[in-house]
Each structure stands twice: as structure tokens, then as C-alpha cells.
Engineer: 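My questions all concern the structure below.
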Amino acid sequence: MLSMLMTTEYAPAEERRELQRLLRCIAGNDRDALAELYRRTRPAVYGLALSYLRNAHDAQDLTQDVYVQVWDCAAQYRPTGSPMGWLLAVCRSLCLMRLRREERQAAIREEEWDAIPAQECGLDADERALLQGALARLADEERRIVLLHAVTGMKHREIAALLELPLPTVLSKYHRALKKMRSCLEGDDAR
Amino acid sequence: MTNEKMEQRLASAVEKTAPNDVNGVLSRCDERKGTVIPMTTKKTTKKRWTTLAAACLALVLLGGGGIFYQQAHAVASVVSLDVNPSIELKVSRNEKVLVCTPLNEDAKAILADMGGGADLKGAKLDVAVNAIVGSLVRNGYLNSISSAIMISVEDNDTARAEKLQRELTSTVDGVLQTSEAKASVLTQTLTQDAGLAQQARENSISTGKAALVNRVLALNPALKFDALAKLSVEELKDLAEAGAPAMPIGTDKAMDIAAAAFGKASTAKMAYSAVDPELDESPAHYEVEIKSQTGEEFEYKVDAYTGAILESKREAADGTEVPVVQPSKPAASGDIGYAKAKSVALNHAGVSENKAYDLEIELDDEDGRLVYEIEFKSGGMEYSYEINAATGAILKHEAEIDD
């Protein structure tokens with residue numbers, strides 16, 4: 001029991017310190033630090049981007065933009081804030097900018113959920129069913145919350161702060177989303 | 001599939017589909033561009049993190065070496081952590097936790113993911129304290145620069161108490177430094193005192209906090225022990241420093257007062273609220289911050305002793321300060337009419353009617369209140385307003401670049 005407690009207690013603090021250190025180095029023009037930050041955090045950034053942009057191709061593009069942006073403005077990060085929260089706020093802000101731009105170009109953007117990249121990436125059947133089938137049943141915000149929770153390990157409270165939503169909303173959407181996903185998977189199993 | 005399993009599989013699916021092209025990123029990072037995108041700043045940075053106050057209160061109560069906790073023969077020292085949650089740890093001679101007890105409801109929430117304290121049994125004291133302080137930080141108890149955590153060590157062996165206290169202070173400092181927390185750390189060593197322990201138990205607080213309450217009582221004997229016991233360590237510390245002139249209303253009451261004022265000023269729901277006691281300022285007050293779901297921010301200063309609202313500020317979602325609209329009497333639930341609503345919005349935007357285009361006005365019922373929703377464009381900007389149909393008060397306004 002205690003060992004579990006220690007991993008939940010200590011790993012994030014260490015991770016956080018490491019990310020803070022990397023951001024400091026990036027601010028000092030250290031390219032290796034940027035590579036390391038990318039290695040550690042790309043699934044989280046990509047997951048959030050995917051939840052906003054709804055398709056794998058755009059999300060992959062935007063993920064790259066996020067790190068270029070981080071390279072350009074790492075100096076703005078303040079060590080008092082959560083480094084992961086900051087990184088994801090950069091990602092969210094780029095996503096919203098992009099969506100706004102597209103909204104202006106094409107009056108309505110109602111893109112289908114398309115989370116499977118064109119290139120082969122070794123997903124098994126379960127992962128495919130979850131990422132494409134189950135997530136497709138969710139509303140945008142539900143998807144965003146589930147992805148953030150699953151991929152970044154952020155607490156609901158932190159997710160609420162990032163998405164500027166009240167905590168109870170995040171909690172209820174999260175639980176509703178998991179229920180929908182489960183019923184989707186179980187329905188598929190029964191077939 | 002369990003929820004946990006499902007999330008794990010989802011995480012691995014995202015991991016596999018996430019791009020892995022570090023060279024692509026690096027190739028775009030050769031020269032630094034000067035572009036800066038506006039970032040949603042975290043709430044914490046808005047506060048006044050100017051100095052990191054580390055007040056140290058060393059309160060040594062000597063004498064009264066009564067023996068208590070007879071049954072727990074192995075208990076060498078009792079460590080209590082008080083913020084508002086009060087947690088007591090009984091510790092053996094070799095610094096292992098024997099029992100960890102939440103002393104109030106707030107503390108139970110803090111220990112919720114540690115089996116209510118049971119999981120900490122047998123842990124080294126510093127590990128346990130680290131876990132508890134981490135949970136306090138996550139629950140937002142130590143985020144404000146003025147918040148305070150008090151570590152009390154009760155031990156009849158003064159040397160051991162002081163050694164423990166030093167170790168714990170550095171543990172807690174360590175946790176606070178790696179997080180956003182800016183709280184000050186107060187420490188005290190006590191010798192075990194049956195009377196104090198009794199008083200503490202009756203009020204569901206730790207003996208450490210009881211000692212602090214007694215210090216305040218010594219300054220103003222007219223105050224009540226049980227009422228003081230409900231205040232946070234931060235409030236007690238400030239109260240003691242201010243000479244304890246009267247009984248403060250407390251954070252809950254201050255929140256109620258501000259929430260009532262907010263309810264009159266806005267129809268939106270509350271999205272976020274925080275109370276910060278400023279008992280060390282003059283006049284002593286509680287600062288209440290409320291953020292509405294529409295993004296407006298309100299700040300109220302509530303007199304700590306009388307409950308009167310000393311100051312209120314309102315800031316629109318775009319950061320501009322809005323004059324606080326005095327809650328006007330419902331004008332016989334009248335309707336100001338389209339023309340009046342339009343002129344209120346145009347006047348506020350400083351746009352003359354012939355310069356405005358794409359103007360749309362809609363009368364809408366929002367939670368039983370009639371509201372005019374007005375949108376128009378002018379000079380490359382897009383404006384939107386919500387205006388109370390009965391009073392003409394602007395409930396919400398936004399202006400963004402239209403391009």
C-alpha cells in the first residue's frame with residue numbers, strides 16, 4: 001500500500017522538477033533539452049491537440065507547432081506554475097487559434113472524429129476500438145477530459161483549471177464519458 | 001474492461017499514434033523568432049507573490065509534564081500538522097508512524113487517498129509528512145502566500161522534539177519549494193500536557209493548535225476557545241499578531257456575504273471562488289475572489305470583524321474593469337425595450353449607430369430573467385452584449401477582433 005502511495009506522491013514531483021529543469025534549459029537555447037521535453041510529453045500534447053482538432057493528421061502537425069512555440073517562448077514560463085499545465089496551455093491556445101482561423105475560412109467545420117493516422121503505427125484491435133470507435137461516441141468536451149486524464153495523468157482539478165471549467169462539470173462529464181465508452185466496447189464485444 | 005484498464009489502453013493508443021519526429025521539431029527551431037502568443041495566465045500568478053514570508057514562531061511551553069496516552073506505550077512523540085485540516089501523527093522512538101488521525105472533517109478529505117491515514121502506519125515520519133503536505137497543496141490549502149502550516153512536536157524529551165522539528169521543517173519546506181505553494185511554516189515544540197490535550201480533543205483540533213488558540217486567548221480573554229478553534233492557523237497567527245481585538249467572522253461567513261453580493265451583481269453562475277484572510281492588514285478583512293462562468297472576476301473585501309463589504313471590484317472577461325453596477329430595483333419587472341437596449345450597448349462600446357453593422361438584437365429568457373443579447377460589428381471589431389431587460393444593466397460584454 002505504501003509503495004503505491006509513494007509512486008503517486010513522488011513520481012509527479014520528480015517529473016515536475018525535471019520538466020521545470022528542461023524548460024529552464026530550453027530558455028537557455030539548449031536543443032537537447034527540447035528533444036527531451038518532446039520525448040517525455042509528446043503523447044500528452046498530441047492527445048490534447050487531437051481532442052480539439054478531431055483528426056490525427058492535424059493533431060500531429062499542431063503537436064510540432066507546440067514545441068516550436070515552446071522553443072520560442074520558454075522564457076515566459078514561471079517556475080511557480082505547473083510545467084505540464086503550462087505546456088498544455090500553450091497547446092490549447094494554439095488549437096483554439098487554429099480552429100478560429102478555420103472557422104473563418106470555412107463557415108462551419110463539422111469534421112468527423114478521425115483518430116487513426118494514415119501511416120501504420122501498430123495499434124491493436126482494442127486500442128483501435130477505443131481510440132476511434134469509443135471516443136467517436138463522445139462529445140468534444142467529454143473526449144478532451146478523458147484524454148487528458150488518461151494520457152497526462154492530470155488530476156480532475158488540474159483539468160478543470162486548464163479547460164476553464166468548474167470541477168463538478170469535469171467530474172460528471174468524465175464519469176459519463178467512461179460509461180459511454182464502456183457500453184460502446186461491451187456492445188461491440190457482444191456482436 | 002475496468003475504467004483504469006480502459007484509460008491505460010487509451011493512453012497507449014495515443015502514445016503509439018503521437019508523432020515522433022524530434023528532428024522535424026528541431027529543424028524548425030534554428031533561429032528564435034520574436035513572436036509571443038498570449039497565454040492564459042494561471043490564476044496563481046495574478047496574486048501578489050512578492051515576498052516569500054517565512055515566519056517562524058517558536059513557542060516553547062515548558063512544564064506540565066503530565067503523562068498521557070498511557071496505553072500507547074511506544075509513542076515517543078506526537079506530531080501535529082495544522083492548516084485548517086488538523087492531522088495528528090503518533091510517532092515511535094525510531095521515527096515510524098504508529099497512528100495517523102484526521103482530527104476534523106477537512107483533514108479526512110486530505111487523507112482520503114491514504115486510507116484515511118491508515119496507509120501511513122509504519123511509514124517513516126518524513127515520508128508520511130511529505131505525503132500529507134503534498135495532499136494539502138493539491139487541495140489548495142497552501143497556495144496563498146499568506147497561508148500558513150503549523151508543525152507542532154510534542155515530546156517530553158526537548159532535545160528530540162527540537163531535532164524532529166528541524167527535520168520536519170526542512171521536509172515541509174522541500175515540498176513547498178517544489179510546488180506552487182508559498183505558505184509560511186510555523187513550528188513549535190511542546191511538552192506533553194494533559195490539560196491542553198483534553199481541550200484539544202474536545203474541540204477536534206490538535207494540541208499544537210490548542211496551544212496557539214490559548215496564545216490568542218491570553219491576549220483577549222473575552223474570546224471563546226471553541227470559536228477560535230474553528231479558525232485556520234493563518235487566521236490565528238494573524239490574529240495573535242494584531243493583538244486579537246475581536247472575534248473574526250471566519251472564511252465561511254465572509255464567503256456567504258460575498259456570494260450574496262455576487263448574486264445581486266450577476267446572473268451568471270460561480271465558476272471559481274477563493275477566500276483569503278487578511279487579518280494582518282488594516283482594516284483587517286477577508287478578500288473574496290469570485291469568477292463567474294462568463295469569465296467575469298469579482299473581488300470583495302469583507303471587514304473581518306463587522307462583515308461589512310469594504311470594497312468591491314468587477315473585471316470583465318477581457319480584463320477591463322467594469323464599474324460595479326449597483327443592484328437597481330427591479331423596475332416593476334419592466335422592459336427597457338429594443339431601442340434602449342441597443343443604445344446602452346452602443347454607448348458602452350463608444351460606437352455610433354450609423355457606424356454599426358450586422359446588428360442583431362434578441363430578447364432571451366435566462367433563468368427566469370429577461371436579457372437582451374446584442375451583437376454588432378464596427379471598425380474591425382465584433383461586439384456582443386447581454387443587457388438586463390428590466391434594468392438596462394450590462395451583464396456581460398465582449399469585444400474581439402473581427403477579421
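A, B, ... follow the sequence lines: proteins, then strands. Residue 1 opens every chain. These values consider heavy atoms only, across backbone and side chains, with no hydrogens, waters or symmetry-generated copies.
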Engineer: Please look at B:Gln293 and chain A and tell me whether the side chain, the backbone, both or neither of the residue comes under 4.5 angstrom of a heavy atom of that chain.
Structural biologist: side chain
Engineer: Counting N and O atoms only, with roles assigned by atom type, does the side chain of A:Tyr38 sit under 3.5 Å from a partner on the main chain of B:Asp21, one being a donor and the other an acceptor?
Structural biologist: yes
Engineer: With rounding to the nearest 0.5 Å, note down the distance linking CE in A:Met181 to CG in B:Asn3.
Structural biologist: 9.0 Å
Engineer: Could you tell me if the side chain of B:Thr17 sits less than 4.5 Å from the side chain of A:Glu127, heavy atoms only?
Structural biologist: no
Engineer: Which one wins on heavy-atom pair count under 4.5 Å against chain A: B:Ala11, B:Gly24, B:Gly295, B:Ala118?
Structural biologist: B:Gly24
Engineer: Whether the side chain of B:Glu15 engages the backbone of A:Val151 through a donor-acceptor N/O pair (distance < 3.5 Å, no angle test) should be reported.
Structural biologist: no
Engineer: Could you look at A:Arg42 and say if it's the side chain, the backbone, both or neither that has a heavy atom under 4.5 Å from chain B?
Structural biologist: both
Engineer: So which residue, A:Thr169, A:Leu167, A:Ile116, A:Asp65, ends up with the most heavy-atom pairs under 4.5 Å with chain B?
Structural biologist: A:Asp65
Engineer: Should we count NZ of A:Lys180 as having more than 12 external heavy atoms under 6.0 Å?
Structural biologist: yes
Engineer: Mind ranking B:Asn20, B:Thr2, B:Asn23 by heavy-atom pairs under 4.5 Å with chain A and telling me who comes out on top?
Structural biologist: B:Asn20
Engineer: Measuring from B:Arg9:CZ to A:Leu130:CG, what's the distance to the nearest 0.5 Å?
Structural biologist: 7.5 Å
Engineer: What part of A:Leu131 gets within 4.5 angstrom of chain B, counting heavy atoms only: side chain, backbone, both, or neither?
Structural biologist: both
Engineer: Please find the pair of heavy atoms, one from A:Asp124 and one from B:Lys16, that lie closest to each other, and give the distance.
Structural biologist: N-NZ, 4.4 Å
Engineer: Report, as yes or no, whether the 6.0 Å neighbourhood of atom NE2 on A:His57 holds more than 12 heavy atoms from other residues, nucleotides or ligands.
Structural biologist: no
Engineer: Let's test your reading of the structure: which of A:Ala59, A:Gly122, A:Pro166, A:Pro43 forms the most heavy-atom pairs below 4.5 Å with chain B?
Structural biologist: A:Pro43
Engineer: Top residue by heavy-atom pair count (under 4.5 Å) with chain A, among B:Ser12, B:Ala271, B:Pro19?
Structural biologist: B:Pro19
Engineer: Measure the shortest side-chain to side-chain distance between B:Val22 and A:Arg39 over non-hydrogen atoms and say whether it is less than 4.5 angstrom.
Structural biologist: no
Engineer: Please look at A:Ala56 and chain B and tell me whether the side chain, the backbone, both or neither of the residue comes under 4.5 angstrom of a heavy atom of that chain.
Structural biologist: neither
Engineer: Between atom CH2 of A:Trp71 and atom CG of B:Leu26, what is the distance when rounded to the nearest 0.5 Å?
Structural biologist: 8.0 Å
Engineer: Locate the shortest heavy-atom distance separating A:Val146 from B:Glu7; write the atom from each residue and the value.
Structural biologist: O-OE1, 4.4 Å
